[in-house]
Amino acid sequence: MADVAGTQMSPSIGETNDAQKNVFDLGAFVGDLTLEEDPSSDDISLEGLEQELEECKNNDVVANILAKGTKLRDYTKGVENDLRKVELDSIQDYIKESDNLVSLHDQILDCDSILSQMETLLSGFQAEIGSISSDIKILQEKSMDMSLRLKNRKVAESKLAKFVEDIIVPPRMVDILVDGEVNEEYMRTLEILSKKLKFVEVDPMVKASKALKDVQPELEKLRQKAVSKVFDFIVQKLYALRKPKTNIQILQQSVLLKYKYVVTFLKEHGKEIYNEVRAAYIDTMNKVLSAHFRAYIQALEKLQLDIATYNDLIGVETRSSGLFTRAREPLKNRSAVFALGDRINILKEIDEPALIPHIAEASSIKYPYEVLFRSLQKLLMDTATSEYNFCDDFFGEESIFYEIFSGPFGVIDEHFNSILPNSYDAIGLMLMIQIIHKHQLIMSRRRIPCLDSYLDKVNISLWPRFKLVFDMHLNSLRNANVKILWEDDVHPHYVMRRYAEFTASLIHLNAECGDGQLDLNLERLRMAVDDLFIKLAKNFPKPKLQTVFLINNYDMTITVLKEAGPEGGKIQMHFEELLKSNTTIFVEELLQEHFNDLIKFVKARASEDPTSSPDKPITVAEVEPLVKDFAGRWKAAIELMHKDVITSFSNFLCGMEILRAALTQLLLYYTRLSDCIKRIVGGSALNKDLVSISSIMYEIRKYSRTF
């Protein structure tokens, strides 16, 4: 311990005293420690002593003490002696270094003096800096105050400049408004005047300013002058619309729209004058467009081709009932009343330009009314679209359109109301309904709603008229005079052809819109024509002729329905069923006419077992006449059947199917007869007279190829 203490630097005297003091304080605090056993003490616990000793056995000092068996008090005294010796050695070291310590003390005093001077100097600097900071703060406050004043003065200057600019009336502006022509520069000056008028009217502070008292009278004079001048200008332009042969749309787009701010100015600063301009435009366009549509309608009326009259109905007889009769009119000249034909093309040309009457008149072409109707509606749509957009751009009011077009609507309604009650062309009426429907779609795509109510009104007026004409056709069938209509001819009746063409036309036109009510009406019409033709057929003396008559008419109806398109539906299926049932009846009648005995036998006896009825067995004698009769004339009979079919049926394809069905049925009958003969006792004797099935099949194929 002494060696270790000797290697350390000699502490100062003060530090030695502190160390001693600490030693004494520690001793006073801890007290004298003793490890001797005190049997009278109950507070000392030796619990855990062995564990602590085990942990300290690696400590060299503790191990040395325990090894020597030295008492703790003796060891402590030894340590104290060592410390005292070290202390004395340290004091000697301090004494040896006393000169150095005195020099160090003097150096410290010198440094302290220098630092004191520096402190004084820095204090002066600090005071000066504080003074400068105060000055800077004062300058900063002055700068902020000046900046605020400058900002306020700029704001005031800006407002004052704007006020002056908005309220003054420059001489140049006065010259343009008073003496200038209405052009683009005049429009710009008019906008400036409008801003000044709004400025003095809206801002309450301006109204209280003295400057306004000087300027306001001048502004009012300029307003009155500008209103008067632009009113004269716009009225002059409106009068140009009344000139004959004026292209209104070009004048609107290239002239009037350039000066649409005039209307805006009048609306804002001259309401009464604006109302006069508005009324003048409405009156002008109302009269001009009304005159244009009236002239166009009059020109179209010269091109009209009358298709149907009151008597052009399905069930009306085409022959005159007077004393001097005339032949029935050729069907091809009457077909336009009931057949759609090329009239359907008008729906494909729905958006084509309207007819130009004088060009059409020069070519001497007449048109069905639906063509003229489409042209009139097309012209109306294009004119209405242009006018609606112009009114919205120029006046900013859509309601003006309806006031303008009250006249043209009236002219068109007057024309339509005179045409519609005299229209008996159901096909034309349905075409017009389709035209209106397509025009509604066109206007919807254009996003122009101005004709919605008009087109709905026309559509609503067309349907009742169509229903009325349709009911006239229906009643003509229900109330038809069968005796007058009947002709001794089994070929297709002209009434049935009318019905077929009429029905096919309506089905084709209804395919797009799918009106259920029309389908019901067509079903009523079918029932009426069914009843009529059953009555007509009964006028033929022979059942066979009745059947031929019905087959020819049903076949013709199916053919017409198929030619019109795939939309025949239930009506076509109905007539196909009727054709099938009547074909079966005709085949039986035709075979019974030539092979009656054979058919009666086959139906009555051929299915019997010859051994099952011993009372009346089928004998060779009973069958032999039938076999020989068939063998002797079957080819001639088939030839007669062939000629009968050729002359009876106008449709060769239908005749071929009927003849094939008859020959096939004959083959079945004969086959059953042959089977019956095989079961008869002694029937083999008739084999020499039986016609082979292959021979009959050959004849069937031969006649099938002749068609």
Side-chain angles (χ1 to χ4, degrees), residues 181-188 190-191 194 226-271 273-297 299 351 353-357 375-412 439 442-443 445-452 454-455:
E181 295 182 358
V182 179
N183 49 27
E184 292 183 2
E185 184 182 14
Y186 194 93
M187 293 296 102
R188 291 193 295 270
L190 210 58
E191 291 184 31
S194 177
V227 166
S228 174
K229 192 163 190 173
V230 297
F231 173 74
D232 294 338
F233 173 80
I234 202 70
V235 168
Q236 181 183 1
K237 297 298 180 184
L238 295 182
Y239 282 148
L241 295 171
R242 299 187 179 186
K243 294 180 180 179
K245 299 182 180 180
T246 299
N247 191 317
I248 296 175
Q249 294 180 8
I250 292 179
L251 184 61
Q252 289 174 337
Q253 298 298 322
S254 62
V255 178
L256 291 179
L257 281 180
K258 289 171 57 178
Y259 302 100
K260 68 178 182 179
Y261 184 75
V262 168
V263 175
T264 304
F265 180 82
L266 291 177
K267 188 185 295 187
E268 293 174 348
H269 305 292
K271 193 65 177 179
I273 301 299
Y274 167 76
N275 290 333
E276 292 183 19
V277 171
R278 184 179 183 276
Y281 180 78
I282 292 173
D283 180 66
T284 298
M285 291 305 297
N286 189 310
K287 293 178 179 178
V288 170
L289 293 179
S290 297
H292 283 184
F293 276 99
R294 184 175 287 106
Y296 188 73
I297 289 171
D351 209 19
L355 286 175
I356 301 176
S375 289
L376 178 59
Q377 300 302 314
K378 172 65 174 173
L379 178 64
L380 176 62
M381 283 197 309
D382 293 344
T383 306
T385 299
S386 174
E387 190 62 31
Y388 180 84
N389 289 330
F390 175 78
C391 289
D392 189 30
D393 290 343
F394 193 67
F395 291 97
E397 295 184 44
E398 297 177 359
S399 59
I400 292 181
F401 170 85
Y402 299 99
E403 297 181 51
I404 292 171
F405 266 74
S406 61
F409 283 155
V411 172
I412 296 173
H439 281 174
I442 291 173
M443 294 302 287
R445 288 195 294 268
R446 292 181 183 180
R447 297 184 178 181
I448 303 295
C450 59
L451 291 183
D452 289 353
Y454 166 79
L455 293 175

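Counting from 1, the numbers follow the sequence of the chain as shown.
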Review point. In terms of the angle between their ring planes, are Phe265 and Tyr261 parallel, tilted or perpendicular, with boundaries placed at 30° and 60°?
Key: tilted
Any non-hydrogen side-chain atom of [X] less than 4.5 Å from a side-chain atom of [Y]?
X	Y	result
Phe293	Thr383	yes
Phe401	Glu398	no
Asp382	Lys378	yes
Leu266	Arg278	no

Exercise for review: Check the pair Glu387, Gln252 against side-chain contact (heavy atoms from CB on, under 4.5 Å), reporting the backbone distance first and the verdict last.
Suggested key: CA-CA 9 Å; Glu387 190 62 31; Gln252 289 174 337; 2.9 Å; yes
**Study point:** Ring-ring centroid check Tyr186 Phe233, cutoff 6.0 Å
**Key:** no
I need the [X] [atom1] to [Y] [atom2] distance, nearest 0.5 Å.
X	Y	atom1	atom2	result
Tyr296	Leu380	OH	CG	11.0 Å
Thr264	Tyr259	OG1	OH	15.0 Å
His439	Met443	NE2	CE	10.0 Å

Please find the pair of heavy atoms, one from [X] and one from [Y], that lie closest to each other, and give the distance.
X	Y	answer
Glu181	Lys229	N-NZ, 4.4 Å
Lys260	Asp393	CD-O, 3.6 Å
Val277	Ile234	CG2-CG2, 3.7 Å
Gly407	Ser290	C-OG, 3.2 Å
Ile282	Ile404	CA-CG1, 3.9 Å
Ala226	Leu190	CB-CD1, 3.7 Å

Exercise for review: Show the numbers, then the answer: is there a side-chain contact (heavy atoms from CB on, under 4.5 Å) between Ile448 and Asn389?
Suggested key: CA-CA 9 Å; Ile448 303 295; Asn389 289 330; 3.6 Å; yes
Practice item. Run the numbers on Phe395 and Tyr281 for side-chain contact (heavy atoms from CB on, under 4.5 Å), then give the verdict. Key: CA-CA 10 Å; Phe395 291 97; Tyr281 180 78; 3.5 Å; yes
